Amino acid sequence: AYLVKAAVYDYPLREGLEKYVHDIKHNGLLTKYLSIWIPAQSISFSVVPEHLRIVFMASVSFFWFILFSTVASASDANESESN
């Protein structure tokens, strides 16, 4: 997503990668990722009936994208404030 955003908004791909690394190190992106997807996968394969797994994972994915967008936009807002 960071590289696609860099390409769309016409800034260097390296800068997109640097923003990604910054969000992992300083905004806890990887911690949030693991705290959502490990339990979601565990619940999906142990509790959720097979015919509802796609719906369950799509719901989790929806909330993950909200969280991901919040982290990414916070990073952009912090960057614009510092300039």
Side-chain angles (χ1 to χ4, degrees):
Y2 288 84
L3 296 178
V4 171
K5 185 176 178 181
V8 168
Y9 289 108
D10 198 32
Y11 58 85
L13 294 179
R14 182 174 181 87
E15 186 177 335
L17 189 59
E18 289 171 356
K19 287 182 179 184
Y20 175 68
V21 170
H22 178 269
D23 283 347
I24 287 176
K25 289 182 178 179
H26 302 290
N27 294 338
L29 182 63
L30 187 59
T31 305
K32 291 173 181 152
Y33 175 85
L34 294 174
S35 68
I36 289 176
W37 287 109
I38 291 175
Q41 290 291 333
S42 299
I43 291 169
S44 176
F45 289 109
S46 63
V47 178
V48 178
E50 190 174 330
H51 66 281
L52 295 175
R53 287 184 185 157
I54 293 174
V55 174
F56 175 74
M57 293 308 292
S59 301
V60 172
S61 181
F62 174 75
F63 290 107
W64 164 248
F65 280 121
I66 292 171
L67 180 63
F68 181 72
S69 296
T70 303
V71 170
S73 67
S75 177
D76 289 345
N78 290 339
E79 182 179 302
S80 65
E81 287 176 3
S82 65
N83 288 333

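Note that the coordinates shown come from a computational prediction; the quantities given were computed from them, not determined experimentally.
Going from atom OG of Ser61 over to atom CZ of Phe56 covers 11.5 Å, rounded to the nearest 0.5 Å. Rounded to the nearest 0.5 angstrom, Lys5 NZ and Glu15 CD are separated by 10.0 Å. Of the inter-residue distances, the one linking Lys19 atom NZ with His26 atom NE2 reads 14.5 Å to the nearest 0.5 angstrom.
Residues Leu34 and Val71 fall within the same hydrophobic cluster, defined by Ile, Leu, Val, Met, Phe, Trp and Tyr side chains chained together at heavy-atom separations under 4.5 Å. Note on Ile43 and Val60: same hydrophobic cluster, where clusters join Ile, Leu, Val, Met, Phe, Trp and Tyr whose side-chain heavy atoms are under 4.5 Å apart, directly or indirectly. When the side chains of ILVMFWY residues are joined at heavy-atom separations under 4.5 Å, either directly or via intervening members, Val55 and Trp64 end up in two distinct hydrophobic clusters. Hydrophobic clustering (ILVMFWY, side-chain heavy atoms < 4.5 Å, transitive): Leu17 and Leu29 are in one cluster.
With ring centers used as reference points, Tyr2 lies under 6.0 Å from Phe68.
Counting all heavy atoms, side chain and backbone alike, Ile66 lies closest to Thr70 at O-OG1, 2.8 Å. Closest heavy-atom contact between Leu67 and Ile36: CD2-CD1, 3.4 Å. Closest of all the heavy-atom pairs between Ala6 and Pro12 is CB-O, 3.8 Å. In plain terms, the two heavy atoms of Gly16 and Tyr11 that are nearest each other are N-CE1, 3.9 Å. Shortest non-hydrogen contact noted between Met57 and Ala40 is SD-O, 4.0 Å. Across all non-hydrogen atoms, the minimal contact from Lys32 to Asn27 is NZ-O, 3.1 Å.
Counting non-hydrogen atoms of neighbouring residues, nucleotides and ligands closer than 6.0 angstrom, the CD1 atom of Ile54 reaches no more than 12 such neighbours.
Looking at heavy atoms from C-beta onward, Tyr20 lies out of side-chain contact with Leu3 at the 4.5 angstrom threshold.
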